[in-house]
Amino acid sequence: MTDLASNLEKLAPHLDRLKSKGIAHRIAGQDVTGASFANHSPVDGSVICDVARGTEADIDAAAQAAKEAFPAWRDMPGTARKKLLHAVADAIEANAEKIALCESWDTGQPIRFMAKAALRGAENFRFFADRAPSARDGQHLPSSTLMNVTTRVPIGPVGVITPWNTPFMLSTWKIAPALAAGCTVVHKPAEFSPVTARLLIEIAEEAGLPPGVWNMVNGFGEDAGKALTEHPAIKAIAFVGESKTGAMIQAQGAPTLKRCHFELGGKNPVVVFDDADLPRALDAAIFMIYSLNGERCTSSSRLLVQESIAETFEAQLAERVAKIRTGNPLDPQTELGPLIHATHHAKVTSYFAKATEEGATIATGGTVPEGPGHYVAPTLFTGARNDMAIAQEEIFGPVLTAIRFKDEEEALQIANDVPYGLTAYVWTQDITRAMRVTDGLEAGMIWVNSENVRHLPTPFGGLKASGIGRDGGDWSFEFYMEQKHIGFATGTHKIPRLGVS
Ligand code: NAD
């Protein structure tokens, strides 16, 4: 049996269960159903299951459940929360294969990457579980009259809204720190890939998470998502998705003064100087745009290459890109799977004509393979200018735009001349140049001579239209918690006396 056939066989019982049960909301530990919509696989368009379509009333029930569960969860000792969250991580690891297979079928992401996504989800839980006991710790800031101390308290029930790309990993990334901080959660997963969010909440409840601490309402952004951002019991919204959706959420949350954390889009440059280790730069540039189907916020979607090496580098790139293995995402050989859905496919492929209209060259790809599924050929545009739509707009597919630059100054100018500022990648052997360039780059995260290698204690987030706020390390707790200051008089300092003659 091929690996693909054996993966399809392993997936079959999970699909049978999903089809027969559908995906209900999960509110206060109970399934809640109602109107529904069909969820399709991007691989062949087949229906995976029906999914409950959340309404304002469902969001209200979930927010109330989170509000009721909040005091007990907040007051539970951090060590007890730590134990529970480690139990969730254990259960994720035990279910890693099921999660990977389902995520692959639901999103079109190749199984070779999804196997690791499940384990990274467990790692997210462990990282924040270990920090739960110290989450409330503060500082001692004495003055001459007061012993000032600070402490942190969880902000309250929070809303988490996630996108369809790598939904499992991203859900854990937002929910684990919220729970570790002592917040309760209402999660609204993306409508296009709801399967593993359901597996995740089932896993968490089976691992012992009390009912109501984590609730999930499925459905669309314009109804369930919007209602969540407007609900008065929800104190903060952690959102991952498009920049324009972030702007809408900020407006929707304004009347209830929502604290918002935004992880948004990107049009990230990989800057290759002529003194770089070119074979490694080539590997990294390819990996950072063609892995995860290019549906990755941190993807290096603009290649800025120095003129002196551009011809050779682009030729080698085109040769490699043309050889990327496109196919069924459950085949372990597959490097590029289908895009999430038809609308997104139409958006990505619309840039093929735009590229040539604007005067760029399609060096490879630019085609749609025959057959079912939302596949596109891995695509490379060369001869591009930074003012073209293919250089300015987030395409969010396996599509790379190559732009040439003359010198360091021009590289920086091009790199920064986009609305976004999420990540940047710099390839040079010259350490002083690397320091100058990283200093000048407008990006929240920069890697030098490396692809994106995530280290959980470091801050994750973007500048400009790429986001507000940071995740990772203690930054996540800063978002999910409130600071409190308490001043204790240490003596009888002079208090101004009013109303005495
Ligand atoms: P999207 O903004 O369309 O949707 C994201 C989520 O928001 C979905 O759950 C959706 O239902 C919900 N939503 C939509 N409208 C809403 C509204 N008015 N109120 C409340 N919720 C609403 O994004 P997408 O297409 O699912 O995901 C792709 C985008 O996500 C890309 O732009 C990508 O760069 C970005 N992303 C960013 C990061 C990061 O860390 N910066 C990570 C992953 C993805």
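Read the numbers this way: they start at 1 and go in the same order the structure lists the ligands and their atoms. Only a predicted model underlies this, so the values are computations on that prediction, with no experimental measurement involved.
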Q: Could you go step by step and tell me if R259 and E482 meet the salt bridge (Lys or Arg N to Asp or Glu O under 4.0 Å) rule?
A: CA-CA 11 Å; R259 178 184 290 186; E482 292 277 24; 2.8 Å; yes

Q: Taking the six-membered ring of F70, is NZ or CZ of K67 closer than 6.0 Å to its centre and within 45° of its axis?
A: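 Pair K67/F70 does not count as cation-pi.
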
Q: Is K188 close to ligand 1, meaning an N/O of one under 3.5 Å from an N/O of the other?
A: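 Yes: some nitrogen or oxygen of K188 is under 3.5 Å from one in ligand 1.
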
Q: Parallel, tilted or perpendicular: which one describes the rings of W447 and Y425, with boundaries at 30° and 60°?
A: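 Judged by the thresholds at 30° and 60°, the geometry between W447 and Y425 is parallel.
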
Q: Among all protein heavy atoms in this structure, tell me which lies nearest to atom 31 (C) of ligand 1, with the distance rounded to 0.1 Å.
A: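 Residue, atom and distance for the closest contact: E394 OE1, 3.4 Å.
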
Q: Pick one: which of E393, Q392, E394, K464 meets side chain to side chain contact (heavy atoms under 4.5 Å, CB included) with P419?
A: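 The side chain to side chain contact (heavy atoms under 4.5 Å, CB included) with P419 is passed solely by Q392 among E393, Q392, E394, K464.
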
Q: Does ligand 1 have a heavy atom under 4.0 Å from the side chain of E263, from its backbone, from both, or from neither?
A: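 Both the backbone and the side chain of E263 come within reach of ligand 1.
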
Q: For F460, is the nearest heavy atom under 4.0 Å from an atom of ligand 1?
A: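 It does; at least one heavy atom falls under 4.0 Å.
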
Q: Under a 3.5 Å threshold, yes or no: a donor from one side chain and an acceptor from the other, between D106 and N39?
A: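 Yes.
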
Q: Out of all atoms in ligand 1, which are within 4.0 Å of some heavy atom of K226? Include the element for each.
A: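 Near K226, meaning under 4.0 Å from one of its heavy atoms, ligand 1 has 19 (N), 20 (C).
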
Q: Check this for me: does any side-chain nitrogen of one of E263 and K174 sit under 4.0 Å from a carboxylate oxygen of the other?
A: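 A salt bridge is present here (some side-chain N lies under 4.0 Å from a carboxylate O).
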
Q: Looking only at distances, please establish whether an N/O atom of ligand 1 is found under 3.5 Å from an N/O atom of S243.
A: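 No, since none of the N or O atoms of S243 sits under 3.5 Å from an N or O of ligand 1.
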
Q: Can you sort out which atoms of ligand 1 are near E191, meaning under 4.0 Å from one of its heavy atoms?
A: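 Listed by number with element, the hits are 8 (C), 9 (O), 10 (C), 11 (O).
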
Q: Ignoring hydrogens and geometry, is there a side-chain-to-backbone donor-acceptor pair from N293 to G108 under 3.5 Å?
A: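 Indeed, once roles are kept as given, a pair shorter than 3.5 Å links the two residues.
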
Q: What protein heavy atom lies closest to atom 23 (O) of ligand 1? Include the residue and the distance to one decimal.
A: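 Protein heavy atom with the smallest distance to atom 23 (O) of ligand 1: E242 N, 3.4 Å.
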
Q: Looking only at side-chain N and O atoms, does S104 offer a donor or acceptor that is under 3.5 Å from a partner on Q109?
A: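 Side chains of Q109 and S104: no pair found under 3.5 Å.
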
Q: Among protein heavy atoms, which sits nearest to atom 27 (O) of ligand 1, and what does the distance come to when rounded to 0.1 Å?
A: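 Looking only at protein heavy atoms, the one closest to atom 27 (O) of ligand 1 is P163 CB, 3.2 Å.
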
Q: Among all the protein's non-hydrogen atoms, which is closest to atom 9 (O) of ligand 1, and how far away is it?
A: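 The closest heavy atom on the protein side is T162 O, 2.8 Å.
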
Q: Is it the side chain (CB and beyond), the backbone, both or neither of L170 that lies under 4.0 Å from ligand 1, heavy atoms counted?
A: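 For L170, only side-chain atoms sit under 4.0 Å from ligand 1.
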
Q: Any ion pair linking D283 and R320 (charged N to carboxylate O, less than 4.0 Å)?
A: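 Salt bridge between R320 and D283, a charged N being under 4.0 Å from a carboxylate O: yes.
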
Q: With a cutoff of 4.0 Å, is F239 in contact with ligand 1, counting heavy atoms of the residue only?
A: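 Per 4.0 Å heavy-atom rule, F239 contacts ligand 1.
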
Q: Just heavy atoms, cut-off under 4.0 Å: does Q252 contact ligand 1 by side chain, backbone, both, or neither?
A: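 Looking at Q252 and ligand 1, just side chain atoms fall under 4.0 Å.
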
Q: Which ligand 1 atoms are under 4.0 Å away from a heavy-atom of G225?
A: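 So the atoms of ligand 1 that pass are 19 (N), 20 (C), 21 (N).
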
Q: Just say parallel, tilted or perpendicular for the rings of F192 and H341, cut-offs at 30° and 60°.
A: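 Ring orientation of F192 relative to H341: parallel.
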
Q: Among all protein heavy atoms, pick the one closest to atom 37 (C) of ligand 1 and tell me residue, atom and distance.
A: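 Protein heavy atom at minimum distance: L264 O, 3.0 Å.
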
Q: Got the closest protein heavy atom to atom 35 (C) of ligand 1, with its distance?
A: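 The answer is G241 O, 3.3 Å.
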
Q: Which residue holds the protein heavy atom closest to atom 12 (C) of ligand 1, what is that atom called, and what is the gap in Å?
A: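 Scanning the protein heavy atoms, the shortest distance from atom 12 (C) of ligand 1 goes to I161 CG2, 3.6 Å.
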
Q: Any donor-acceptor pair under 3.5 Å linking the side-chain atoms of N215 with those of H25?
A: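 No, because no side-chain N or O of H25 sits under 3.5 Å from a partner of the opposite role on N215.
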
Q: T245 versus ligand 1: do any nitrogen or oxygen atoms come within less than 3.5 Å of each other?
A: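 For ligand 1, there is an N or O atom that lies under 3.5 Å from one belonging to T245.
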
Q: Where on K244 is there a heavy atom closer than 4.0 Å to ligand 1, on the side chain, on the backbone, on both, or on neither?
A: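 Contact part for K244 vs ligand 1: neither.
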
Q: What residue and heavy atom of the protein are closest to atom 25 (O) of ligand 1, and at what distance?
A: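 Going atom by atom, the protein heavy atom closest to atom 25 (O) of ligand 1 ends up being W164 NE1, 2.9 Å.
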
Q: Distance from Q252 atom CD to T245 atom OG1, nearest 0.5 Å?
A: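 It is 9.0 Å, given to the nearest 0.5 Å.
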
Q: Please state which option from G221, C297, A190 has its nearest heavy atom closest to atom 13 (N) of ligand 1.
A: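 It is G221 whose heavy atom sits nearest to atom 13 (N) of ligand 1.
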
Q: Do the side-chain N and O atoms of N452 and R296 include a donor-acceptor pair separated by under 3.5 angstrom?
A: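 Distance-only check fails for N452 and R296.
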
Q: Should the proximity of L228 to ligand 1, defined as any heavy atom under 4.0 Å, be assigned to the side chain, the backbone, both, or neither?
A: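 Answer for L228: neither.
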
